[in-house]
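One structure is given here, and the rest of the page talks about it.
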Protein chains: 2
Amino acid sequence: MLLPTPHLPSPQQLRYLVALADHGHFGRAAAACAVTQSTLSAGLIALERQLAAGLLERGTSVKRPVFTPLGLELVARARTALAALEAVAETAAMARDPHSGPLRLGVIPTIGPFLLPRLMPALRAAYPRLRLWLREDLTDRLVAGLEAGRLDLLLLALPAAGTMETLPLAEDPFRVALPRGHHLADRDSVPVGALSGERLLLLEDGHCLRAHAEAACGLPRGLAHSGEEGFAATSLHTLVQMVAGNLGVTLLPQLAIDGGVLGNSPVEVRRLDGAAAPGRMLALAWRPRSPRAAEFAGLAPTVAAALEPGAT
Amino acid sequence: MLLPTPHLPSPQQLRYLVALADHGHFGRAAAACAVTQSTLSAGLIALERQLAAGLLERGTSVKRPVFTPLGLELVARARTALAALEAVAETAAMARDPHSGPLRLGVIPTIGPFLLPRLMPALRAAYPRLRLWLREDLTDRLVAGLEAGRLDLLLLALPAAGTMETLPLAEDPFRVALPRGHHLADRDSVPVGALSGERLLLLEDGHCLRAHAEAACGLPRGLAHSGEEGFAATSLHTLVQMVAGNLGVTLLPQLAIDGGVLGNSPVEVRRLDGAAAPGRMLALAWRPRSPRAAEFAGLAPTVAAALEPGAT
DNA sequence: GGTTTCAATCGGTTTTATCGATCATGCTCC
DNA sequence: GGAGCATGATCGATAAAACCGATTGAAACC
């Protein structure tokens with residue numbers, strides 16, 4: 001059942017195609033590929049000829065290359081093909097020299113500020129040849145970046161949606177943060193039910209911590225207050241300031257408290273009693289079948305160690 | 001967040017690698033790639049140098065190239081990368097000229113003999129430029145072939161396991177086949193429960209029809225008889241002969257009956273009454289994200305038409 | 001109308017893939 | 001143990017291609 005070899009497009013030509021789609025400009029796309037505009041232009045024409053298919057709307061009013069529907073489809077397929085080729089090279093590179101080279105790590109804002117100051121030195125010490133690029137963003141954007149290949153590894157809180165391999169690291173229990181002198185601070189712990197009588201402040205929408213906290217309290221989505229008139233808290237630090245200012249109470253992950261989010265604010269924290277230990281699960285995540293999956297899993301102990309409160 | 005472009009392996013070199021893994025012999029692999037042995041050898045050496053990784057056990061006793069563990073891993077990744085490149089070319093080819101070129105179709109043995117005599121002429125008439133290669137095999141092997149890229153399209157019965165996109169075509173209800181004069185043949189239809197008192201013959205293990213029939217009758221797997229002393233029926237035609245020989249009763253799909261599986265055998269068929277219309281669902285199946293998915297779906301009406309009993 | 005921007009084209013150069021032939025090595029068999 | 005054989009690596013030459021720099025043609029802008 002041998003079939004005649006179909007004419008495979010060259011990776012270089014596919015890179016030209018993808019770069020043009022990314023930059024929308026022959027000159028800039030060429031620069032991104034480190035070739036001249038004439039080379040990129042000729043390469044695309046050759047690709048069109050070899051595939052015997054029109055990829056670009058030629059001859060029409062210019063000012064921006066216009067792709068045909070087929071062209072757009074091929075751009076998407078070219079991306080996956082290039083990613084597959086990179087996976088080959090990356091697999092070899094990892095086998096040759098693990099824990100080295102660039103690693104693009106995405107971290108959510110409710111983890112990053114509290115963990116990275118401890119994690120980064122530990123990683124530098126354990127893997128000196130690793131070149132760590134950081135990006136802090138909301139879970140959804142990080143997952144999109146991971147799936148698009150712009151990020152290699154995520155440090156986030158479960159549950160989270162997306163097609164990725166996840167490795168749970170540690171539970172991060174929620175604590176109740178109260179203004180100093182608040183009546184709920186009399187006891188060692190606060191039952192979840194007691195929160196329904198309080199003004200519960202949470203981060204603005206989009207932060208996974210908001211959804212996780214609502215779930216922990218058994219609240220339907222959107223019931224908690226974001227603050228007056230849509231003035232929502234944008235970080236845990238501002239949230240603490242709002243609690244200190246007597247605007248309400250909130251939930252804070254233990255990690256943030258260990259990380260010093262309270263500072264000198266007049267805020268008290270108490271354990272939260274509820275069914276099934278309210279909290280979130282911190283985890284690493286990467287693309288399924290990533291060539292570096294083994295390497296990433298190998299980082300887990302270092303990250304988990306940095307999560308321990310006593311870690312320096 | 002621009003990263004230095006990793007050195008991508010050339011598709012040609014990856015083909016050399018895959019061909020060597022397939023043939024286990026430099027000369028034959030080179031022939032399969034339509035190059036000389038020296039070219040293939042040099043190409044693989046260049047690949048090893050570019051990836052800076054050992055792919056083959058060099059210098060040891062020869063008689064057969066031995067891959068390193070990394071080499072084997074790279075062979076697998078090279079296969080997927082080449083498949084992704086082919087998908088680019090194939091997408092363009094399909095857009096340029098749909099319903100043409102080679103199509104490797106897998107069919108299960110309980111469909112093929114009864115449908116293909118009607119389907120093939122219809123397909124030839126509707127898509128004269130389509131070059132149809134056929135392979136008849138058990139569901140499991142067909143699915144493996146599809147996933148490995150040796151087949152493009154399957155015609156099978158659901159439910160079936162495997163990662164593929166399926167398009168249901170038509171229900172294929174089961175009928176009871178009885179020896180002429182059998183007491184159950186007195187009535188127009190046979191209740192499912194009545195079969196438990198009969199010697200139920202089914203195809204040998206591996207045929208999905210066996211599992212589907214067992215499920216239709218509410219039988220646990222393996223309860224039905226395959227025949228005396230492991231002498232199992234290997235096709236529906238032999239099964240009919242066994243029923244005609246008074247060895248027991250069986251279930252036949254309507255498709256096979258319409259396709260003339262009974263011949264002149266002294267066998268009667270009756271409707272089977274049971275919960276939820278006992279039968280199987282005939283379907284097309286292809287790889288998820290196949291470039292030709294739209295083309296395959298377009299074949300469905302032609303196939304469904306050939307499934308109609310009245311079709312010529 | 002002149003200018004600017006942008007992509008396609010052209011000629012020349014460098015790089016690379018490939019071939020055919022040869023060489024090195026380890027088996028096999030007498 | 002040595003001749004013969006099969007297999008894969010190496011070498012020099014050649015043809016193909018990828019790429020660059022400069023130029024051209026055409027639309028958009030002022």
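Chain naming here is simple, since letters A, B, ... match the order of the sequence lines and numbering starts at 1 in each.
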Legend entry - Residues forming a salt bridge (Lys or Arg N to Asp or Glu O under 4.0 Å) with A/R49, sequence neighbours excluded: none

Inset, instruction - Quick one: label A/G43 by what it contacts on the DNA or RNA (base, sugar-phosphate, nothing), any heavy atom closer than 4.0 Å. - result: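 Contact class for A/G43: none.
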
Separation of atom [atom1] in [X] from atom [atom2] in [N], rounded to whole Å:
{"X": "B/L8", "N": "C/dT16", "atom1": "CG", "atom2": "P", "result": "15 Å"}
{"X": "B/L44", "N": "D/dT10", "atom1": "CG", "atom2": "P", "result": "12 Å"}
{"X": "A/L20", "N": "C/dC6", "atom1": "CG", "atom2": "P", "result": "13 Å"}
{"X": "B/L40", "N": "C/dG20", "atom1": "CG", "atom2": "P", "result": "15 Å"}
{"X": "B/L14", "N": "C/dA17", "atom1": "CG", "atom2": "P", "result": "13 Å"}
{"X": "A/R49", "N": "C/dA8", "atom1": "CZ", "atom2": "P", "result": "15 Å"}
{"X": "A/Q37", "N": "C/dT9", "atom1": "CD", "atom2": "P", "result": "11 Å"}
{"X": "B/R28", "N": "D/dG8", "atom1": "CZ", "atom2": "C1'", "result": "13 Å"}

Inset, instruction - Report, as yes or no, whether the 6.0 Å neighbourhood of atom CZ on B/R289 holds more than 12 heavy atoms from other residues, nucleotides or ligands. - result: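 Check fails, neighbour count at 12 or below.
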
Legend entry - Contacting residues from residues 75-84 of chain B, given that a heavy atom lies under 4.0 angstrom of DNA chain D: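 When residues 75-84 of chain B is checked for heavy atoms under 4.0 Å from DNA chain D, there are no hits whatsoever.
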
Inset, instruction - Answer yes when B/R15 and B/D22 have at least one side-chain N-carboxylate O distance shorter than 4.0 Å, and no when they do not. - result: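 Salt bridge: no.
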
Inset, instruction - Using the closest heavy atom to pick a nucleotide of DNA chain D for each, name whichever of B/A42 or B/H25 lands nearer the 5' end. - result: B/H25

In chain order, what residues pass the side-chain contact (heavy atoms from CB on, under 4.5 Å) check against [X], with sequence neighbours excluded?
{"X": "A/A76", "result": "none"}
{"X": "A/R28", "result": "A/H23, A/H25"}
{"X": "B/H99", "result": "B/Y127, B/E295, B/L299"}
{"X": "B/S290", "result": "B/W286, B/R287, B/R292, B/F296"}

Legend entry - Pairs meeting criterion side-chain hydrogen bond (donor to acceptor under 3.5 Å, both in side chains) with involvement of residues 37-47 of chain A, two or more places apart: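 Every side-chain hydrogen bond (donor to acceptor under 3.5 Å, both in side chains) pair that includes a residue of residues 37-47 of chain A, provided the two are not neighbours, is A/T36-A/S38, A/T36-A/T39.
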
Legend entry - Contact under 4.0 Å: A/S41 side-chain N or O vs C/dA8 OP1/OP2: yes

Legend entry - Pairs flagged by salt bridge (charged side-chain N to carboxylate O under 4.0 Å, His left out) wherever residues 31-44 of chain A is involved - sequence neighbours left out: none

Legend entry - Where at least one partner belongs to residues 65-76 of chain B, residue pairs that pass salt bridge (charged side-chain N to carboxylate O under 4.0 Å, His left out), sequence neighbours excluded: B/E73-B/R77

Tabulated below should be each protein N or O lying under 3.5 Å from an N or O of nucleotides 17-19 of chain D; please produce it.
unit_1 : atom_1 : unit_2 : atom_2 : d
D/dC19 : OP1    : A/Q12  : NE2    : 2.9
D/dC19 : OP2    : A/Y16  : OH     : 2.8

Legend entry - Polar side-chain contact B/S38-D/dG8 base: donor and acceptor under 3.5 Å: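 Per atom types, no contact qualifies.
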
Legend entry - End-to-end axis angle, where each axis spans five pairs of the helix from C/dG1-D/dC30 to C/dC30-D/dG1, to 10°: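 Result, rounded to 10 degrees: 20°.
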
Inset, instruction - Please tell me if the side chains of B/L74 and B/L72 come closer than 4.5 Å, counting only heavy atoms from C-beta onward. - result: no

Legend entry - Selection residues 70-93 of chain B - residue pairs positive for ring pair (Phe, Tyr, Trp, His ring centres under 6.0 Å), sequence neighbours left out: none

Inset, instruction - Ignoring the backbone of B/I45, work out which of D/dG8, D/dT10, C/dC10 is nearest its side chain. - result: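 That would be D/dT10.
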
